[in-house]
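Data first, discussion second: the structure below is written as structure tokens.
Whatever order the structure lists ligands and atoms in, that order sets their numbers, starting from 1. Any value given below was found using the heavy atoms of this structure, including those in side chains, with hydrogens, waters and symmetry copies removed.
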Amino acid sequence: MESDKLRKVRAFEAEHLPEVPAEVLPAYHVTGGVGWINDPNGFSVYRGEYHLFFQYHPYSKQWGPMHWGHVKTKDFVRWERLPAAMAPDAEFDRDGCFSGSALELSDGRHLLMYTGVRKERDPDGTEREFQTQCIALGDGVDYKKYGGNPVIDASLLPEGGSARDFRDPKIWRENGRFYAVAGNRCPDGSGAVLLFESEDALRWAYLGALAASGNRHGRMWECPDFFSLDGKDVLIVSPQEMIAEGLEFIDGNVTLCLVGTFDRGESRLVREREQTIDYGLDFYAPQTLLTPDGRRVMIAWMQYWDSVDWNPEELPFFGQMTFPRELRVREGRLIQTPVRELEGYRGACAVHRDVRVSEAVELPGVSGRCLDMTVTVRPAAGEEMYRLFRMETAMGGDHVTEIVYDPETSTVRVDRRRSGAPDHVLGVRAFEVRDRGGKLELRLLMDRYSLELFVNGGEQAASFALYTPAEAEGIRFSAEGTVLVDVEKYDLEF
Ligand code: FRU
């Protein structure tokens, strides 16, 4: 039975979504269609299709009482919109259905595990917020909240754990049992990831703290995910209030990947390596699923919390997801490449090999804003090492977004200050890449409102929202010194 709030949101969608012209939406990145979205939620395989839910406030382009929006896909590229799955309509989640995850049960039901938010007022007027973990069960369209909610509340927290900052459960099944990780705030004010176990996904026990920030990597840790990959155990988390560290981490809400080995006895991750997940300016709250053919695929909100007030007025939606990425671990580092299904949508192709670049050049057939392009750069044999390689993209009128590589420091620098972003929006991000003696491979995925970069076969990824006018579709190459460049560019056609 639909509650009034769920009926209202579904009626709102039925009325407003058909009015949104396809041309104003990204061609292959998920948005809410109308209103606001943030974190991806419930990214899971259900009845042979990939489902994705998201934090959703359809009624305005601002964050508000959180619902769960819903889409699904067969190939991560073309998505079908489904009616909103949940509204904050129960006693235990009346102030918001916060982030969470999903899995398919062996009895055929789709289980959602999420954070229910409830605020209460003390007699003296002080407001207190409680975050608890809740379950809903459904058939891929309609979901019913479990009568015994919440299934995890503050009574299961370790001593000093916060009942206020306790959220974003990620559930998985292993050897016939269920496990979940959730973010929590420690007595020192920083974040931890707590691990829970259950036989039936309804009755849970606390196992231990998998990892904690100790105020070293930001404060509260949001949206954890934990999985094994290529012989390692990987914890991903989204820390708030990170303090910038060299070129690795920027200030604010960022993402962190801890690679190590899970100590089962202690329920603890023994860390070996740590890194930023995405070196761009817009990437948060990533979540993964395992495909039936064994690929670990990640999607994230392609947005930085500090610039949520930047969004062109004429657009009906706010917030978009990254394109899903296949993950691997190599030499303790996360490797990310766009899911291979995208290659099926490659259309017109322009190929140029061994182009000598120094003065700015544009290459025939190389332009556009909805494309998949790989650019390979190397020093010209027998000549001095070049000093800089530059690519200008989304170029036209006063607009340009630059990608610059300095082989001496082996840094890539992306500058979107002239992409149409207002001054207060963070415009420049530089990051170090592996020194390959002046060789560099850049794969660019561009869509109407974004640029995602994959460096050196996915050793690093960097995502940027770009609200540059669609006509700015020029691409230009230049160098200080001389480089040899190969370009393979495909238009994406859907
Ligand atoms: C992360 C986050 C989550 C929370 C959700 C609320 O972006 O703050 O921790 O569940 O957003 O919308």
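Looking only at atom types and distance, the side chain of T288 has a donor-acceptor partner in the side chain of R296 under 3.5 Å away. Side-chain atoms of H424 and D309 form a donor-acceptor pair, as typed in the model, at a separation below 3.5 Å. Donor-acceptor pairing under 3.5 Å is lacking for the side chains of S162 and R167. Using modelled atom types and a 3.5 Å distance limit, the side chains of E174 and W172 yield a donor-acceptor pair.
Contact check for E2 versus R10: side-chain heavy atoms found under the 4.5 Å cut-off.
Counting only heavy atoms of the protein, atom 8 (O) of ligand 1 lies nearest to E222 OE2, 2.8 Å. Regarding atom 9 (O) of ligand 1, its nearest protein heavy-atom neighbour is D168 OD2, 2.6 Å. Closest protein heavy atom to atom 12 (O) of ligand 1: Q55 OE1, 2.7 Å.
Between Y284 and ligand 1, no pair of N/O atoms sits closer than 3.5 Å. Between W301 and ligand 1, no N or O atom pair is found at a separation short of 3.5 Å. Taking any N or O of D39, backbone or side chain, at least one lies under 3.5 Å from an N or O belonging to ligand 1.
Taking the centre and axis of the six-membered ring of Y59, the NZ or CZ atom of K8 falls inside the cone set by 45° and 6.0 Å.
If you number the atoms of ligand 1 from 1 as listed, the ones under 4.0 Å from a heavy atom of W63 come out as 6 (C), 12 (O). Annotation for ligand 1: atoms under 4.0 Å from non-hydrogen atoms of M66 are 12 (O).
A perpendicular orientation is assigned to the rings of Y284 and W301, their planes being inclined by more than 60° (bins at 30° and 60°).
Residue S99 touches ligand 1 through backbone and side chain together, judged by heavy-atom distances below 4.0 Å. For T115, no heavy-atom contact with ligand 1 is shorter than 4.0 Å.
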